[in-house]
Amino acid sequence: MKKYTVGTGHNELGASATKRNSAHMLPVSDWLSDLPENTQLTDLVEVQFKQTRKGYFHNSKQLALEKGVMVVVESTTGYDVGEVVLTGKLVELQMRKNNIDTSRYEVRSVMRIATEEDLERAKAAHAREQETMIKARQIAKSLGLEMKVGDVEYQGDGTKAIFYYIADGRVDFRQLIKVYAETFRIRVEMKQIGARQEAGRIGGTGPCGRELCCSTWMINFSSVGTGAARLQNISPNPQKLAGMCAKLKCCLNYEVPVYEDAAKLLPSRHANLETLDATWYFFASDPLAGMVTYSSDPHSGANLTTLTAARAHEILAMNRRGEKPASLEGNKAVPAEVGFQHSVGQGELTRFDRKKKRHNGDRRDNRDRRDRRDNRDNRDNRSNRPDKPDKPAKPQ
């Protein structure tokens, strides 16, 4: 029996299957793998199948399993082929993180390390997925069902397939399952997913130029609100805030904790600054720079002045003592920048634009204009000549 290991150079079989399984992996860092007592704590292993589907199995036969080994595992009907992505103590921690109750979750066993025949059969089954998905969409449309088949995943032995679908409401697909079973000659399992799960399974490239986070490393989807965009002073443009799944981008949450910590150092937006000349109202803030902009009008931006957070806190402390500064001006006050301003040594933004070439019509117009100017100059010169005596008349 041959051992299959990814990226180690030991009896590598089925390179195409390896490429498929690793295309959209959700990697987990096994930081306990170097400890010799790690594998002796538990016989549980985490196995990944297609993209975002994972399962937990018992290594009851005490096989020499490590990360990257292709194995054959038990299934409800037949067997499946997957890749070991985690072993040892971290598997129990991963199950606890995913709220998997071992008393209710049926943990099956690893049957054997995948042979070359197992990998070839799994590869042939996975090759039918694209064709099956297209035909499944046509069947669902012919039955008049308000649903979309987003992906199809065949089991390793090719006897069962999972149809992932998206629907806004409840769908009665009892007739659909019968048609699928008769058409594809397999056992059918329907599983509903959301728009984000569909993007994670299909994959793609985001507006940042990198592969989608949901198809590479994200495991759980956190709720994203427009408040994250407002906190980071991002324009609330739905087209720019939406990702490939037409939902708010997951990356809007990445820097929210940093902005929240920085915002704690700023004065409250409901606190007004009292000076001798006017009352100043909160207008905008830059948490990372520690700057706050105030306006003299509570409803619009008038006489905008930007202060440091320390200066604003100082004025608020004076107001609490019953004191008012003469104005917001001072060494710590910075005038607010509005619009584009030229820096020192910087020219216009259009300085690198290429000049338009003149056409032949422009040359003719310039030549005619020059000829008219020359004719006008000649007339002026003739009119300015000194008077000459009249010529004698010719004899009759």
Side-chain angles (χ1 to χ4, degrees), residues 195-196 206-209 213 221-353:
R196 291 185 174 179
C208 59
C213 299
F221 293 96
S222 303
S223 60
V224 184
T226 56
R230 290 194 296 267
L231 180 62
Q232 302 173 64
N233 296 328
I234 301 176
S235 175
N237 188 345
Q239 295 180 351
K240 294 184 178 180
L241 297 182
M244 301 295 291
C245 58
K247 304 293 183 180
L248 292 177
K249 297 178 184 177
C250 296
C251 56
L252 291 176
N253 285 343
Y254 293 171
E255 298 182 3
V256 168
V258 178
Y259 277 84
E260 289 178 344
D261 294 340
K264 294 178 181 178
L265 304 178
L266 301 180
S268 173
R269 61 176 57 216
H270 303 292
N272 302 328
L273 303 184
E274 299 288 343
T275 60
L276 296 178
D277 55 355
T279 300
W280 299 86
Y281 304 90
F282 175 88
F283 183 79
S285 64
D286 188 350
L288 298 184
M291 309 297 289
V292 189
T293 302
Y294 287 91
S295 170
S296 59
D297 191 327
H299 305 294
S300 63
N303 302 322
L304 295 180
T305 304
T306 301
L307 308 174
T308 62
R311 173 62 175 171
H313 282 298
E314 180 182 351
I315 297 176
L316 289 174
M318 296 176 63
N319 295 155
R320 286 192 292 267
R321 295 193 302 266
E323 303 175 1
K324 294 183 180 181
S327 64
L328 296 182
E329 303 296 333
N331 296 331
K332 299 181 180 180
V334 180
E337 295 184 2
V338 179
F340 172 77
Q341 295 182 356
H342 293 292
S343 301
V344 178
Q346 181 179 0
E348 295 288 343
L349 294 177
T350 58
R351 64 187 185 278
F352 296 114
D353 295 346

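Among residues two or more places apart in sequence or in another chain, the side chain to side chain donor-acceptor pair (under 3.5 Å) test is passed with Arg269 by none. Evaluation of the side-chain contact (heavy atoms from CB on, under 4.5 Å) rule for Ala284 yields Thr293 as partners, not counting sequence neighbours. Residues meeting the side-chain contact (heavy atoms from CB on, under 4.5 Å) test with Asn237, sequence neighbours left out: Ser235, Gln239, Lys240. Partners of Glu323 according to the salt bridge (Lys or Arg N to Asp or Glu O under 4.0 Å) rule, which considers only residues two or more places apart in sequence or in another chain, are Arg321. Taking the side chain to side chain donor-acceptor pair (under 3.5 Å) definition, one finds that Ser296 meets it with Asn303, sequence neighbours left out. For Lys324, the side-chain contact (heavy atoms from CB on, under 4.5 Å) partners two or more places apart in sequence, or in a different chain, are Glu274, Leu276, Asn319. The side-chain contact (heavy atoms from CB on, under 4.5 Å) check on Val256 picks up Ala228, Leu231, Gln232, Asn253, Glu260, with sequence neighbours excluded. Residues meeting the side chain to side chain donor-acceptor pair (under 3.5 Å) test with Asp297, sequence neighbours left out: Ser300.
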- Should Arg196 and Cys250 be marked as a side chain to side chain contact (heavy atoms under 4.5 Å, CB included) after you check the CA-CA gap, both sets of side-chain angles, and the distance that decides it? CA-CA 9 Å; Arg196 291 185 174 179; Cys250 296; 4.2 Å; yes
- Message: Quick one, Thr308 with Met291, criterion side chain to side chain contact (heavy atoms under 4.5 Å, CB included). Give me CA distance, side-chain angles, the key distance, then yes/no.
- Response: CA-CA 5 Å; Thr308 62; Met291 309 297 289; 3.8 Å; yes
- Task: Show the numbers, then the answer: is there a side chain to side chain contact (heavy atoms under 4.5 Å, CB included) between Leu288 and Tyr259?
- Result: CA-CA 7 Å; Leu288 298 184; Tyr259 277 84; 3.4 Å; yes
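At least one side-chain heavy atom of Leu307 sits less than 4.5 Å from a side-chain heavy atom of Leu328. For the pair Trp280/Asn272, no side-chain contact is recorded, criterion being any heavy-atom separation below 4.5 Å from C-beta on. Using a 4.5 Å heavy-atom threshold, the side chains of Phe283 and Pro298 count as separate. With contacts defined as side-chain heavy-atom distances shorter than 4.5 Å, the pair Met318/Pro325 qualifies. At a threshold of 4.5 Å between non-hydrogen side-chain atoms, the residues Leu273 and Thr279 do not count as touching.
Across every non-hydrogen atom of Leu316 and Ala271, the tightest pair is CD2-CB, 4.0 Å. Nearest approach of Ala195 to Lys247, heavy atoms of both residues: CB-CE, 4.1 Å. Closest approach of Pro267 to Val292, counting heavy atoms only: CD-CG2, 3.9 Å. Scanning both residues, Ala302 and Ser295, for their nearest heavy atoms gives N-OG, 2.9 Å.
Ser268 places a side-chain N or O within 3.5 Å of a backbone atom of His270 that can act as its donor or acceptor partner. With hydrogens and angles ignored, the 3.5 Å screen pairs a side-chain donor or acceptor of Asn233 with a backbone N or O of Ser285. For the pair His313 (side chain) and Leu265 (backbone), a donor-acceptor distance under 3.5 Å is present.
Rounding to the nearest 0.5 Å places OG of Ser222 at 9.0 Å from OH of Tyr254. Here the CG-CD1 distance, from Leu252 to Ile234, works out to 5.5 Å after rounding to the nearest 0.5 Å. With rounding to the nearest 0.5 Å, the separation of CZ in Phe282 from OH in Tyr294 is 7.0 Å.
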